[in-house]
Colleague: 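Quick one: this structure, given as structure tokens, is what I'll be asking you about.
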Amino acid sequence: MEIKNVVIPVAGWGTRSLPATKNVPKEMLPVYRKPIVQYIVEEAIAAGISDVIFVTNQNKRIIEDHFDRNFLLENLLERAGKDLLLQEIIRVAEMANIISLRQKEQLGLGHAILQAKDVCKHDPFAIMLGDDLVFGKDAGIKQLIDIALKEKKAVVGVIEVPKERVHKYGIIKGTEIEPGLYEVNSLVEKPKPENAPSNLAIIGRYVLLPEVFDDLEKQEAGVGGEIQLTDALQGLADRGKLLAVKLRGKRFDAGDWVEYLTANIYFALQDDALHDDLSAKLRELLPPK
Ligand code: UTP
């Protein structure tokens with residue numbers, strides 16, 4: 001078994017990030033020097049995935065264009081002798097095979113994933129949400145792929161969240177079988193704190209088996225009137241084929257302003273060229289009390 005496909009749904013409207021996302025897709029907002037979606041594709045490629053399936057809508061063409069050649073720009077960089085930038089631009093265009101599918105109506109994440117049925121066919125596949133950033137050595141989708149290949153089961157990535165935030169996530173009820181690895185018994189989308197079966201929240205990393213498409217086809221609209229992926233995963237859990245792993249590394253939800261801005265600062269601080277000046281500016285903004 002190998003996992004060569006990742007489905008990256010990017011068809012949502014990004015309402016939490018308006019007005020920035022009125023005409024620019026949320027996934028194309030920059031985190032320091034790169035659009036958010038580039039970090040996600042790079043994480044997939046580093047985990048051995050070759051084919052990236054974007055589920056898009058009509059306003060998201062620039063996402064595909066970002067991973068395509070741009071000969072006008074390349075000629076200009078070549079004439080200007082900007083070789084490093086030129087190499088970087090070409091590297092991004094050649095990073096992955098890009099397949100683009102349209103979700104014609106935004107009926108929810110589960111519905112977005114269902115659009116990839118005919119491309120994924122009979123193979124297990126990864127899903128990475130276009131606004132969830134995970135950083136750290138071998139963290140993120142690689143962790144899930146390693147477990148899925150070993151256990152021959154589907155895997156979701158989870159993190160611990162405070163009780164007052166469980167209503168923003170899909171929450172699992174699981175049995176810990178190894179430290180940080182759970183057999184999932186049930187899942188509930190956006191529960192009230194008093195109804196949450198745990199504080200283990202699913203974030204945007206999944207490795208699923210193709211049988212989930214049959215579950216998605218039968219799935220009725222759930223919370224918010226949307227076809228929820230979390231609800232369809234109950235089928236895999238009932239058949240004893242769903243694990244959850246605690247994700248290592250740092251995670252930022254780019255749809256949340258505090259996390260998006262923190263991600264920018266985190267990355268910029270990793271760059272030696274900016275570190276000292278940026279730190280000084282931040283200290284000016286936040287003088288000691
Ligand atoms: P979110 O709910 O976080 O994203 O969906 P959103 O709808 O774009 O943003 P807000 O909440 O209004 O600010 C999680 C992921 O699922 C995709 C989104 O693009 C995002 O990557 N999605 C969601 C779809 O592709 N189609 C949908 O119908 C819904």
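Scope of the values below: all heavy atoms of this structure, side chains included, with no hydrogens, waters or symmetry mates. All values reported here derive from a predicted model rather than from experimental measurement. Start at 1 and go down the list; that is how both ligands and their atoms are numbered.
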Colleague: In terms of heavy-atom contacts, does CD of Glu194 have more than 12 from other residues, nucleotides or ligands at under 6.0 Å?
Modeller: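 More than 12 within 6.0 Å, yes.
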
Colleague: What do we get for Glu27 next to ligand 1 when only non-hydrogen atoms under 4.0 Å count, side chain, backbone, both or neither?
Modeller: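 Only the side chain of Glu27 comes within reach of ligand 1.
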
Colleague: For the side chain of Ser17 and the backbone of Lys26, is there at least one donor-acceptor N/O pair under 3.5 Å apart?
Modeller: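 Pair absent, no side-chain N/O of Ser17 close to backbone of Lys26.
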
Colleague: Examine Arg16 against ligand 1 and note whether any of their N/O atoms are separated by less than 3.5 Å.
Modeller: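 Right, the criterion is met.
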
Colleague: Set out, in order, the CA-CA distance, both residues' side-chain angles and the distance that settles side chain to side chain donor-acceptor pair (under 3.5 Å) for Asp238 and Gln234, then state yes or no.
Modeller: CA-CA 6 Å; Asp238 289 342; Gln234 187 62 50; 2.9 Å; yes

Colleague: My understanding is that only one of Asp131, Asp132, Asp256 makes a salt bridge (Lys or Arg N to Asp or Glu O under 4.0 Å) with Arg251; could you say which?
Modeller: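 Testing Arg251 for a salt bridge (Lys or Arg N to Asp or Glu O under 4.0 Å) against Asp131, Asp132, Asp256 leaves exactly one candidate, Asp132.
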
Colleague: Among Leu229, Ile8, Val212, which residue satisfies the side chain to side chain contact (heavy atoms under 4.5 Å, CB included) criterion with Ile127?
Modeller: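 Running side chain to side chain contact (heavy atoms under 4.5 Å, CB included) over Leu229, Ile8, Val212 with Ile127 returns exactly one hit, Leu229.
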
Colleague: Would you indicate which of Leu109, Ile36, Ile8 comes nearest to atom 16 (O) of ligand 1 when only heavy atoms are counted?
Modeller: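 Result: the heavy atom closest to atom 16 (O) of ligand 1 is in Leu109.
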
Colleague: Can you tell which part of Thr15 has a heavy atom less than 4.0 Å from ligand 1: side chain, backbone, both or neither?
Modeller: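 Answer for Thr15: both.
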
Colleague: Relative to ligand 1, is Lys26 under 4.0 angstrom through side chain, backbone, both or neither, heavy atoms considered?
Modeller: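 The side chain, only.
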
Colleague: Would you verify that at least one protein heavy atom lies under 4.0 Å from atom 8 (O) of ligand 1, or report that none does?
Modeller: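 So far as the 4.0 Å threshold goes, atom 8 (O) of ligand 1 is in reach of a protein heavy atom.
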
Colleague: Heavy-atom distance under 4.5 Å between the side chains of Asp123 and Ile3, does that happen here?
Modeller: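 Contact flag for Asp123/Ile3 side chains = no.
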
Colleague: Answer yes or no for atom 5 (O) of ligand 1: protein heavy atom present at a distance under 4.0 Å?
Modeller: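 No.
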
Colleague: Do any N/O atoms on Leu129 end up under 3.5 angstrom from N/O atoms on ligand 1?
Modeller: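 It does not: no N or O of Leu129 is found under 3.5 Å from an N or O of ligand 1.
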
Colleague: Please determine which of Glu64, Glu27, Met28 meets the side chain to side chain contact (heavy atoms under 4.5 Å, CB included) test together with Val10.
Modeller: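 Filter result, single survivor: Glu27.
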
Colleague: Which of the numbered atoms in ligand 1 are below 4.0 angstrom from a heavy atom of Gly130?
Modeller: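 In order of number, 21 (O).
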
Colleague: Looking at Gln106, which atoms of ligand 1 are within less than 4.0 Å of one of its heavy atoms?
Modeller: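 Per the distance check, 28 (O).
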
Colleague: Looking at Gln103, which atoms of ligand 1 are within less than 4.0 Å of one of its heavy atoms?
Modeller: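 Selected atoms, number and element: 24 (C), 25 (O), 26 (N), 27 (C), 28 (O).
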
Colleague: Can you tell whether the side chains of Asp253 and Arg165 come within less than 4.0 Å, N to carboxylate O?
Modeller: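 Salt bridge absent between Asp253 and Arg165.
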
Colleague: Under 4.0 Å from ligand 1, counting heavy atoms only, is it the side chain of Ala112, its backbone, both or neither?
Modeller: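 For Ala112, the contact with ligand 1 is made by the side chain alone.
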
Colleague: Starting from atom 28 (O) of ligand 1, which protein heavy atom do you reach first, and at what distance in Å?
Modeller: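 Going atom by atom, the protein heavy atom closest to atom 28 (O) of ligand 1 ends up being Gly108 N, 2.8 Å.
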
Colleague: Begin with the C-alpha distance, continue with both residues' side-chain angles, and end with the deciding distance and a verdict on side chain to side chain donor-acceptor pair (under 3.5 Å) for Thr175 and Asn185.
Modeller: CA-CA 7 Å; Thr175 313; Asn185 310 118; 3.2 Å; yes

Colleague: Is there a polar contact between ligand 1 and Val55, counting only N or O atoms under 3.5 Å apart?
Modeller: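 By distance alone, the answer is no.
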
